[in-house]
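The chains referred to below are lettered A, B, ... by the order of the sequence lines, with proteins before strands, and numbering in each begins at 1. As the structure is a prediction and not an experimental result, all values here were calculated from the model.
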Amino acid sequence: MLRGLLSSSTTILSKPPHPETLLPIIQSHVDSSQPKCTTPMPSPYTSTLQTLLEPISDQNPPHLLSYAPLFQFLTAQNFLKLGQQIHAHMTIHGLQPSAFLGAKMVAMYASSGDLESAVTVFDKIKNPTSLLYNSIIRAYTNYGYPLKTIDIYCKMHCLGLKGDHFTFPFVLKSCTNVLDGWMGKCVHGQSLRFGMEFDAYLGTSLIDFYVKIGELRDANKMFDLMTVRAVSSWNALIAGYMKEGEIRVAEDLFGRMPRRNIVSWTAMISGYTQNGLAEEALSLFDEMLKEDSEVKPNWVTIMSVLPACAHSAALERGRRINEYVNRIGLESNTSVQTALIAMYAKCGSLVDARCCFNRIPENEKNLCAWNAMITAYASHGQGLESVSTFENMVRAAVYPDAITFTGLLSGCSHSGLVQIGLKYFNSMQTVYSVKPRHEHYACVVDLLGRAGRLVEAKEFIDKIPMQPGPSIWGALLAACRKSRNLEIAEMAANELFVLEPENSCNYILLSNMYAEAGMWKEVDKLRARLKCQGIKKNPGCSWIEINGKPHLFLSGDASHPQAKEIYNLMQALPEKIKAAGYTPNTSFVLHDISEEEKEHNLITHSEKLAIAFGLINTTPEVVLRITKNLRICGDCHTVIKFISKIYGREIVVRDVNRFHHFREGACSCGDYW
DNA sequence: CTAGGGTTAG
């Protein structure tokens with residue numbers, strides 16, 4: 001590369017340029033690297049450069065050491081082409097860089113994006129020093145070549161060159177990135193031999209290393225042994241405990257640390273989010289804004305808190321954070337907009353999700369952004385939109401990955417686009433070089449199963465070139481419910497009972513199917529099995545957000561202050577709906593009780609309670625947004641369609657799988673779910 | 001030089 005560059009600049013090199021002629025060249029390069037700048041060259045650069053160039057032009061031949069500050073300056077300013085010119089200038093004067101100068105040049109090339117030239121310079125240095133090795137180690141680490149970094153470090157070690165506090169943090173980070181526990185521990189040992197046990201940076205790197213390889217105990221031991229702890233040392237340990245779900249310990253550390261910065265707060269917030277504690281994440285975010293005026297949330301903080309809104313479907317909360325994002329000037333950040341897309345989609349507002357997507361400039365729409373939008377359409381049952389978004393993505397020359405295809409295939413599946421879905425599945429490896437994984441096979445099983453093609457789905461599973469996991473059998477079992485195919489359901493369930501014996505959902509699903517078929521003996525058998533294995537089933541619940549405040553309802557819940565009003569409304573509802581042509585579908589009750597009782601049982605489903613509450617407490621133009629922790633039941637689905645018609649309401653229901661938009665007596669899913 | 005990170009089916 002470097003050789004190429006030198007020969008390509010022969011027009012300059014054919015006549016050795018006098019150093020003074022460099023300035024105009026430099027000037028032109030600065031101009032081209034900053035196209036928006038109308039002034040020829042910012043004066044501080046000119047004068048600094050002039051000062052730095054003086055010794056080179058005064059001495060003939062120039063002294064080697066005069067180049068060092070020049071390269072350092074160019075590294076800081078990221079003026080690659082200038083660096084090449086100066087490098088050429090040295091070559092013309094027959095100057096071989098020393099190890100010291102070589103280190104500066106490596107840094108200059110590396111920081112300007114030309115790793116290849118950095119390596120070429122490095123390889124040509126005759127008597128390498130620790131400094132030189134540090135510069136190339138740093139380059140390889142930053143470019144994401146951890147194995148190269150480790151390799152180079154081994155060479156350095158063999159040459160007897162001492163590592164220092166600019167060596168070990170990078171080498172450790174590389175060991176961490178490839179999860180090489182053995183190598184990392186060797187490096188740890190070597191660092192101790194060089195007397196580095198009191199270095200705070202190294203200590204933090206070590207904590208992070210032990211955290212990432214899953215040896216939290218050792219991470220904590222490192223922390224305890226450290227005499228000088230940086231804020232980052234605390235942060236690394238907090239992140240470690242959060243990752244292991246040890247929330248109390250993380251909270252204790254956070255409470256005890258002498259100083260906190262934005263990373264500390266973000267680590268806590270994202271820890272809460274990742275452990276499903278959305279409320280805690282949101283309130284800590286508020287507390288941070290209120291109590292610690294020293295810290296300023298950045299894009300990472302925003303990305304950590306948004307999934308909490310998504311998790312609890314807290315749309316108003318999410319909107320307020322969106323306004324905050326605009327206020328602090330983060331709206332141009334692509335990652336933030338991507339997190340907003342997912343948040344709005346999961347909070348039920350596809351329109352807002354699309355706005356965020358549109359806000360990202362075309363050339364900045366990256367893989368994550370496209371994936372977020374494709375998945376958003378999929379979860380709202382807009383399969384065709386998922387497909388066209390995918391096609392636009394390919395047209396924009398962004399290559400799809402495994403996540404793209406899970407979104408695309410699930411979009412096809414939710415919309416009943418069986419042929420299209422199968423076509424994409426068959427092309428994912430051949431056309432797009434994305435190897436199908438478990439989730440993709442599960443999507444195809446879902447695609448076929450949902451369309452009632454259970455036998456094909458089973459045959460498909462038999463042909464999968466890997467051991468089918470719980471997701472694949474789970475998709476088959478869920479699909480059986482609609483077609484009421486007990487034979488295949490039992491087969492799928494028996495696989496699942498072995499693969500994930502503690503997952504209550506599988507027992508419930510099969511039990512419900514038995515109940516629908518009136519096979520109460522089998523229902524009892526399954527219930528007994530649940531009981532004797534001590535498996536807890538998670539109770540159904542729904543919540544609705546009104547004026548930004550969530551209201552939670554359990555199935556059959558009578559504890560609510562407005563319970564009486566709610567039940568009155570629900571009780572009056574069947575008559576109203578029956579007048580509009582509805583028959584309650586009591587097969588969804590699934591207890592061995594009388595028909596009349598069943599009817600009563602139906603009206604206490606949590607999603608109905610939440611909707612009744614919403615009808616009572618909002619004005620007619622408000623869209624009701626309900627979130628349910630399980631799949632919506634068939635009777636509720638029918639009833640909500642009628643409610644949307646009778647009350648003229650728009651109702652959006654998010655269940656565990658997808659969204660249902662009810663309007664004027666119809667649902668966006670077209671009853672295909 | 002170290003710590004916090006968006007997109008994933010059923």
Novice: Listed by chain and number, what are the side chain to side chain donor-acceptor pair (under 3.5 Å) partners of A:Asn363, not counting sequence neighbours?
Specialist: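 A:Asn363 satisfies side chain to side chain donor-acceptor pair (under 3.5 Å) with no residue once adjacent residues are dropped.
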
Novice: To the nearest Å, how far apart are A:Phe659 CZ and B:dG10 P?
Specialist: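 Those two atoms, CZ and P, are 13 Å apart.
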
Novice: Could you tell me how far apart A:Ile464 (CD1) and B:dA9 (C1') are, to the nearest whole angstrom?
Specialist: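 In whole Å, B:dA9 C1' and A:Ile464 CD1 are 13 Å from each other.
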
Novice: Rounding to an integer number of Å, can you tell me how far A:Met428 CE sits from B:dA9 C1'?
Specialist: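 The distance from CE of A:Met428 to C1' of B:dA9 comes to 12 Å, rounded to the nearest Å.
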
Novice: With A:His380, which residues qualify under side chain to side chain donor-acceptor pair (under 3.5 Å), at least two apart?
Specialist: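 Side chain to side chain donor-acceptor pair (under 3.5 Å) list for A:His380, sorted by chain: A:His661.
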
Novice: Any chance you could list the contact pattern along nucleotides 2-7 of chain B? Use B for base contacts, S for sugar-phosphate-only contacts and - for none, protein heavy atoms under 4.0 Å, 5' to 3'.
Specialist: BBBBBB

Novice: Give the ring-plane orientation class for A:Phe460 versus A:Phe425, where under 30° counts as parallel, over 60° as perpendicular and anything between as tilted.
Specialist: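 Judged by the thresholds at 30° and 60°, the geometry between A:Phe460 and A:Phe425 is perpendicular.
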
Novice: How is A:Arg631 classified with respect to the nucleic acid when contacts are heavy atoms under 4.0 Å: base, sugar-phosphate, or nothing?
Specialist: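 The residue A:Arg631 makes no contact with any strand.
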
Novice: How long is the line joining CG of A:Leu630 and C1' of B:dG10, in whole Å?
Specialist: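 Going from A:Leu630 (CG) to B:dG10 (C1'), I get 13 Å.
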
Novice: Round to the nearest Å and state the distance from A:Arg450 atom CZ to B:dA9 atom P.
Specialist: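 To the nearest whole Å, that distance equals 12 Å.
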
Novice: Checking A:Lys243 now: which residues fulfil side chain to side chain donor-acceptor pair (under 3.5 Å) with it, not counting sequence neighbours?
Specialist: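 With sequence neighbours excluded, A:Lys243 shows a side chain to side chain donor-acceptor pair (under 3.5 Å) to no residue whatsoever.
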
Novice: Of all residues at least two apart in sequence or in a different chain, which pass the side chain to side chain donor-acceptor pair (under 3.5 Å) check with A:Tyr424?
Specialist: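 Result, side chain to side chain donor-acceptor pair (under 3.5 Å) vs A:Tyr424: A:Glu391.
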
Novice: Does B:dG10 have OP1 or OP2 under 4.0 Å away from a side-chain N or O of A:His438?
Specialist: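 A:His438 to B:dG10 OP1/OP2: no side-chain N or O under 4.0 Å.
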
Novice: Listed by chain and number, what are the ring-ring contact (aromatic ring centres under 6.0 Å, His included) partners of A:Trp234, not counting sequence neighbours?
Specialist: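 A:Trp234 satisfies ring-ring contact (aromatic ring centres under 6.0 Å, His included) with A:Phe223 once adjacent residues are dropped.
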
Novice: Using a heavy-atom cut-off of under 4.0 Å over every strand shown, decide if A:Ser410 touches base, sugar-phosphate, or nothing.
Specialist: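 Sugar-phosphate: the residue A:Ser410, judged by heavy atoms under 4.0 Å, touches backbone atoms but no base.
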
